[in-house]
Amino acid sequence: MPAASARPRPTLLDVAAAAGVSKSLVSLALRGDAGVSARTRERILVVADQVGYRPSLTARTLKQGRSMLLGAVISSLDNPYHTEIVASVEAAAEDSGLSVLLAHGSRDRGRLADRVHQLLDLGVDGIVVVSSWVPEEVLAAAARRAPVVMVGRTAAPVAGIDSVNNDDEHGAALVVDHLVARGHRSITHVTSSTRPAGIARRRGYETAMRAAGLAEEVRVVAPGPTALDALVHDATTAVFARNDVEAVDVLDHALDAGLRVPAELAVVGYDDTVLARRARPALTTVQQQRDLMGARAVALLRERLDGRADDVHEVLVPRLVVRSSS
């Protein structure tokens with residue numbers, strides 16, 4: 001029995017025939033041309049959807065000189081912060097008629113470098129990097145081929161690359177000030193990060209503790225099971241964790257130890273991810289403006305594509321979201 005032939009992909013001519021209009025009018029309507037009335041455009045869009053028409057990416061690339069694709073590179077998929085940033089990038093890209101290709105590198109610098117090169121080889125118009133693990137020399141080389149925007153911190157600005165990040169030191173200070181105002185003095189910071197954002201948060205914590213007259217109370221603990229088990233049994237009355245993932249680990253250890261949160265131990269995270277809202281008790285945390293970060297990253301890429309040559313580095317101010325855990 002002969003195999004069934006593949007159904008041909010619907011074309012502009014098919015849409016025109018189904019809508020009873022010319023091919024050129026269909027093309028103008030799909031491009032959003034101002035010369036096509038809203039009523040006619042809506043009718044053509046409905047017909048196009050009914051016949052299953054989708055614009056050819058290859059044809060669009062040849063016509064516009066762009067792939068209309070953006071790459072997004074993240075460290076890993078296990079921290080909701082990264083995926084939520086990518087969601088905001090994708091939303092902003094869609095508003096601009098762009099699509100997003102996602103790649104992650106499991107916090108492996110070599111793998112992340114490979115992912116950047118692969119996206120460039122696929123012809124993306126630009127790349128949003130949500131990872132401080134990508135080697136700076138790889139970022140610099142990538143920026144010579146396509147616009148690159150860093151969401152988050154690098155150790156130092158990389159020439160030719162724009163960035164959007166959060167004021168991590170200020171965010172950490174908000175946490176300390178909040179806990180001190182609640183009467184806490186023994187405030188421990190849980191972190192082992194050597195990444196730029198983690199270093200800045202630790203610096204902000206230590207500076208704020210000294211400013212509050214609590215220099216002798218400064219204490220930093222790594223987020224391992226043994227250390228956390230010890231932490232919930234010592235004199236600490238409040239914990240500031242580097243991110244929400246590590247804060248939830250602290251909550252788990254505290255509850256397993258029979259501590260009442262926040263009566264016996266207050267816990268604060270950072271990032272305001274979905275984990276913070278779903279934890280019980282709900283987690284006090286520092287909110288980064290993730291939607292704005294993604295939108296600004298896409299906007300900066302578009303500006304580069306339109307010819308801007310100077311580097312732009314935007315720093316957004318976070319805010320503390322107080323919930324039941326503190």
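No experiment lies behind these values; they were computed from the predicted model shown.
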Could you pull out all residues at least two apart from E314 that satisfy salt bridge (charged side-chain N to carboxylate O under 4.0 Å, His left out)? R296
Kindly determine whether H170 and N166 satisfy side chain to side chain contact (heavy atoms under 4.5 Å, CB included), including the steps that lead there. CA-CA 9 Å; H170 178 66; N166 158 77; over 6 Å; no
Pairwise distance CG(D234) to OG1(T188) - rounded to 0.5 angstrom: 6.0 Å
Do you know which two heavy atoms are closest between V274 and P80, and how far apart they sit? CG1-CB, 4.1 Å
Same cluster (ILVMFWY, side-chain, under 4.5 Å), I44 and V51: yes
Compare every heavy atom of S186 with every heavy atom of A235, then report the nearest pair and how far apart it is. O-OG, 3.5 Å
Taking V130 as the starting point, is it possible to reach V149 by hopping between hydrophobic residues whose side chains are less than 4.5 Å apart? yes
Closest heavy-atom pair and its distance - G294, V89: CA-CG2, 3.8 Å
Any Lys/Arg nitrogen of D78 or R107 sitting under 4.0 Å from an Asp/Glu carboxylate oxygen of the other? yes
Output for pair (E169 CD, R202 CZ), nearest 0.5 Å, gives 13.0 Å
In the structure I gave you, are the side-chain heavy atoms of L12 and Y53 within less than 4.5 Å of one another anywhere? yes
Give a yes or no on whether a salt bridge exists between D272 and R277, defined as a side-chain N under 4.0 angstrom from a carboxylate O. yes
Under a 4.5 Å side-chain heavy-atom rule over Ile, Leu, Val, Met, Phe, Trp and Tyr, are V134 and I127 clustered together? yes
Side-chain touch S99/M68, heavy atoms, less than 4.5 angstrom: no
Between CG of L316 and CD of Q289, what distance do you get to the nearest 0.5 Å? 5.0 Å
Just so I know, are the side chains of V267 and L283 near enough to count as touching, which here means a heavy-atom distance under 4.5 Å? yes
Quick check: are there more than 12 heavy atoms from other residues, nucleotides or ligands sitting under 6.0 Å from CD of E216? no
In the structure I gave you, are the side-chain heavy atoms of R242 and P223 within less than 4.5 Å of one another anywhere? no
If you round to the nearest 0.5 Å, how far is CG of L45 from CD of Q50? 11.0 Å
On a heavy-atom basis, which atom in A227 and which in A222 lie closest, and how many Å separate them? CB-O, 3.3 Å
Go through the steps for H104 and S75 under the test side chain to side chain donor-acceptor pair (under 3.5 Å), then give the verdict. CA-CA 6 Å; H104 73 93; S75 295; over 6 Å; no
Looking at CG of L174 and OG1 of T284, how far apart are the two atoms once the value is rounded to the nearest 0.5 Å? 12.5 Å
NE2/H117 to CG/L112 distance, rounded to the nearest 0.5 angstrom? 11.0 Å
Note: R304-D311 ion pair, threshold 4.0 Å (strictly below): yes
Show, in sequence, the C-alpha distance, side-chain angles and deciding distance for L231 and D229, and conclude whether the side chain to side chain contact (heavy atoms under 4.5 Å, CB included) test is met. CA-CA 5 Å; L231 172 64; D229 284 341; over 6 Å; no
Do NZ/NE/NH1/NH2 and the carboxylate oxygens of D121 and R145 come within less than 4.0 Å? yes
Quick one: does E217's side chain get under 4.5 Å of I187's, heavy atoms only? no
Evaluate the side chain to side chain contact (heavy atoms under 4.5 Å, CB included) criterion for residues S96 and R302: first the C-alpha distance (whole Å), next the side-chain angles of each, then the deciding distance (0.1 Å), finally the verdict. CA-CA 9 Å; S96 300; R302 293 187 63 192; 3.0 Å; yes
Closest non-hydrogen atom pair, S163 against H313: OG-ND1, 2.7 Å
Relative to Y270, does R201 satisfy both conditions: NZ or CZ under 6.0 angstrom from the six-membered ring centre, and within 45 degrees of the ring's axis? yes
Should H82 and N79 count as side-chain neighbours, where that means a heavy-atom distance under 4.5 Å? yes
Given the rule in the side chain to side chain contact (heavy atoms under 4.5 Å, CB included) test, do D162 and R308 qualify, once you have shown the distances and angles that lead to the verdict? CA-CA 11 Å; D162 299 328; R308 175 174 54 79; 2.7 Å; yes
Closest non-hydrogen atom pair, R109 against S132: NH1-O, 4.5 Å
Report yes if some heavy atom in the side chain of D14 is under 4.5 Å from a heavy atom in the side chain of T11; otherwise report no. yes
Joint cluster assignment, V312 & L305, ILVMFWY side-chain distance < 4.5 Å: no
Heavy-atom side-chain contact between L265 and T237 under 4.5 Å: no
Go through S27 and S24 one step at a time and tell me if the side chain to side chain donor-acceptor pair (under 3.5 Å) criterion holds. CA-CA 5 Å; S27 180; S24 60; over 6 Å; no
Side chain to side chain donor-acceptor pair (under 3.5 Å) between S88 and D291, intermediate numbers included: CA-CA 5 Å; S88 71; D291 289 349; 4.9 Å; no
